Amino acid sequence: MSGAAIPPDRRVIIASLRDYVEQLREEGMEGVPAPVAAAATPRGSNTSAVSGAEGEISAPLRATSQSAARSVATAGSSAPTELFYLYPGLEKTSDLAELREFIGDCQRCKLAPRRTNLVFGVGNPKAELMFVGEAPGADEDARGEPFVGRAGQLLTDIIERGMGMTRAEVYICNVIKCRPPENRNPELDEVAACEPFLFRQIDIIRPRVIVGLGTFAVQALLKIKTPISKLRGIWHEVRGTRMMPTFHPAYLLRNAGDKRLVWADIQEVMKVLGRAVPQRGARG
């Protein structure tokens with residue numbers, strides 16, 4: 001290896017740091033600088049902001065990231081019980097009622113003492129379409145139902161006006177079933193404790209399409225740390241089901257200009273489901 005070459009471990013560190021900063025920016029953290037784009041770089045490309053020899057690695061890193069994003073979920077569908085070793089018997093639950101009974105008054109992670117209600121999920125147990133969000137907020141914690149606050153109202157608008165469906169036709173849930181304090185981001189141990197229940201929900205419902213809402217939900221589903229901006233609009237596979245990542249409704253409340261991107265993602269979902277897009281949806 002020549003002296004100018006960058007060791008593989010350094011490549012990974014650079015890529016991880018860049019993705020992490022982009023993730024923080026997407027989640028609305030103040031003080032995170034905007035990405036620096038080179039003058040000759042086409043708009044929308046994922047070019048590294050680092051210069052010199054480090055900047056030269058951006059192309060292979062993009063290729064590696066895109067390849068991983070397209071194939072990462074296939075391992076999850078090949079062994080449907082691989083996440084259930086924490087909770088023996090979980091894989092034997094045959095419907096959502098049995099699964100909810102199995103979870104019980106869950107005390108499996110540090111979120112339990114501060115919750116008001118466990119937020120399991122709601123909707124059609126045989127839904128063709130499943131929405132997966134991150135975690136309950138204050139309104140959801142109070143009512144025990146996912147997506148009932150301002151972000152939930154926007155999601156309902158997407159489902160009803162944009163897709164011509166009802167909330168009762170789809171299934172809606174979160175990765176985390178209990179509200180994190182002050183709506184902070186879920187922590188790794190909390191995701192690890194709760195995600196087997198999400199994957200069992202997917203196995204039981206067997207939807208035709210999953211829509212992953214936001215960075216943390218999509219990262220939990222795909223087991224990667226790539227920011228949602230690099231994943232949305234591209235079909236992935238989760239446990240044998242097609243999954244479309246898109247922005248979380250809460251993000252759209254702060255960044256209304258990106259509603260057009262979510263609308264494009266939703267149109268792709270409608271095509272796969274074989275449903276016509278309502279005319280009035282184009283105005284939303």
Side-chain angles (χ1 to χ4, degrees), residues 15 19 22-23 26 42 44-46 61-80 82-83 121 123-124 126-134 147 154-155 158-159 162-165 169-175 191 195 198-249 251-252 255 258-278 281-282 284:
D19 286 350
E22 185 169 344
Q23 174 183 321
E26 291 172 355
S45 63
N46 297 325
L61 281 173
R62 285 201 306 274
T64 300
S65 175
Q66 291 169 354
S67 175
R70 291 188 177 93
S71 62
V72 68
T74 56
S77 60
S78 63
E82 83 284 0
L83 289 173
N124 184 356
K126 297 183 179 179
E128 287 189 323
L129 177 61
M130 183 175 186
F131 290 89
V132 177
E134 169 187 317
F147 284 93
L154 181 53
L155 177 60
I158 291 171
I159 294 169
M163 308 185 77
M165 304 174 71
E169 288 182 75
V170 305
Y171 194 84
I172 305 172
C173 64
N174 288 302
V175 176
V191 173
E195 67 181 2
L198 167 65
F199 283 102
R200 191 58 188 157
Q201 284 174 304
I202 294 172
D203 290 346
I204 290 172
I205 296 169
R206 298 179 63 85
R208 289 179 59 194
V209 174
I210 297 170
V211 175
L213 298 170
T215 295
F216 290 94
V218 173
Q219 289 180 348
L221 287 165
L222 295 180
K223 303 297 183 184
I224 55 177
K225 288 297 182 182
T226 306
I228 187 67
S229 62
K230 296 182 179 179
L231 296 171
R232 61 142 299 272
I234 302 172
W235 285 105
H236 301 260
E237 184 179 329
V238 175
R239 305 183 78 75
T241 298
R242 300 184 75 176
M243 192 274 287
M244 174 60 74
T246 197
F247 292 117
H248 195 284
Y251 169 84
L252 296 181
N255 302 272
D258 283 339
K259 286 184 178 181
R260 60 184 178 81
L261 300 177
V262 173
W263 176 235
D265 299 338
I266 292 300
Q267 286 178 303
E268 292 301 313
V269 170
M270 296 291 281
K271 289 178 185 177
V272 170
L273 293 177
R275 288 176 172 263
V277 177

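Quantities reported herein were computed from a predicted structural model and do not represent experimental measurements. Nothing fancy with the numbering, it's 1 onward along the sequence.
- In terms of the side-chain contact (heavy atoms from CB on, under 4.5 Å) criterion, residue partners of Gln201 (sequence neighbours excluded) are, by chain and number, Leu96, Leu99, Phe120, Met130, Tyr171, Cys173, Lys177, Leu198.
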Step-by-step side-chain contact (heavy atoms from CB on, under 4.5 Å) determination, Ile228 to His248: CA-CA 9 Å; Ile228 187 67; His248 195 284; over 6 Å; no
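- Taking CG of Leu129 as the start and CZ of Arg208 as the end, the distance is 10.0 Å to the nearest 0.5 Å.
- In this structure, Ala217 and Val175 approach most closely via the heavy-atom pair CA-CG2, 3.8 Å.
- With Leu213 as the fixed residue, the side chain to side chain contact (heavy atoms under 4.5 Å, CB included) test singles out one of Val132, Ile172, Thr246: Thr246.
- Interatomic distance, CZ of Phe216 versus NZ of Lys225, reported as 7.0 Å (0.5 Å rounding).
- Taken to the nearest 0.5 Å, the NZ atom of Lys259 stands 13.0 Å off from the CD1 atom of Ile266.
- Atom CG of residue Leu273 and atom CD of residue Glu268 lie 11.5 Å apart, to the nearest 0.5 angstrom.
- Listed here is the closest heavy atom pair of Asp203 and Arg206: O-CG, 3.0 Å.
- The minimum heavy-atom distance between Ser229 and Arg232, with the atom names listed, is O-CG, 4.0 Å.
- Ile234 and Pro245 get closest at one heavy-atom pair: O-CD, 3.2 Å.
- Proximity of Arg239 to Thr241: side-chain heavy atoms (C-beta onward) are nowhere separated by under 4.5 Å.
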Yes or no on side-chain contact (heavy atoms from CB on, under 4.5 Å) for Ile159 and Phe131, after CA distance, side-chain angles and deciding distance? CA-CA 10 Å; Ile159 294 169; Phe131 290 89; 3.8 Å; yes
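- Note that CZ of Phe247 and CG of Leu261 are 5.5 Å apart. Values are rounded to the nearest 0.5 Å.
- Rounding to the nearest 0.5 Å gives a distance of 11.0 Å between CE of Met244 and CD of Gln267.
- Shown here for His236 and Leu231, the closest heavy-atom pair between the two residues is NE2-O, 3.5 Å.
- The heavy-atom pair separating Met165 from Val170 by the smallest distance is CE-CG1, 3.7 Å.
- Proximity of a side-chain donor or acceptor of Gln219 to a complementary backbone N or O of Thr226 within less than 3.5 Å is detected.
- Residues Val269 and Trp235 form a side-chain contact, since some pair of their non-hydrogen atoms from C-beta on lies under 4.5 Å apart.
- Salt bridge annotation for Lys223-Glu195: present, with a cationic side-chain nitrogen under 4.0 angstrom from a carboxylate oxygen.
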Please walk me through it: do Met163 and Glu169 pass side-chain contact (heavy atoms from CB on, under 4.5 Å)? CA-CA 11 Å; Met163 308 185 77; Glu169 288 182 75; over 6 Å; no
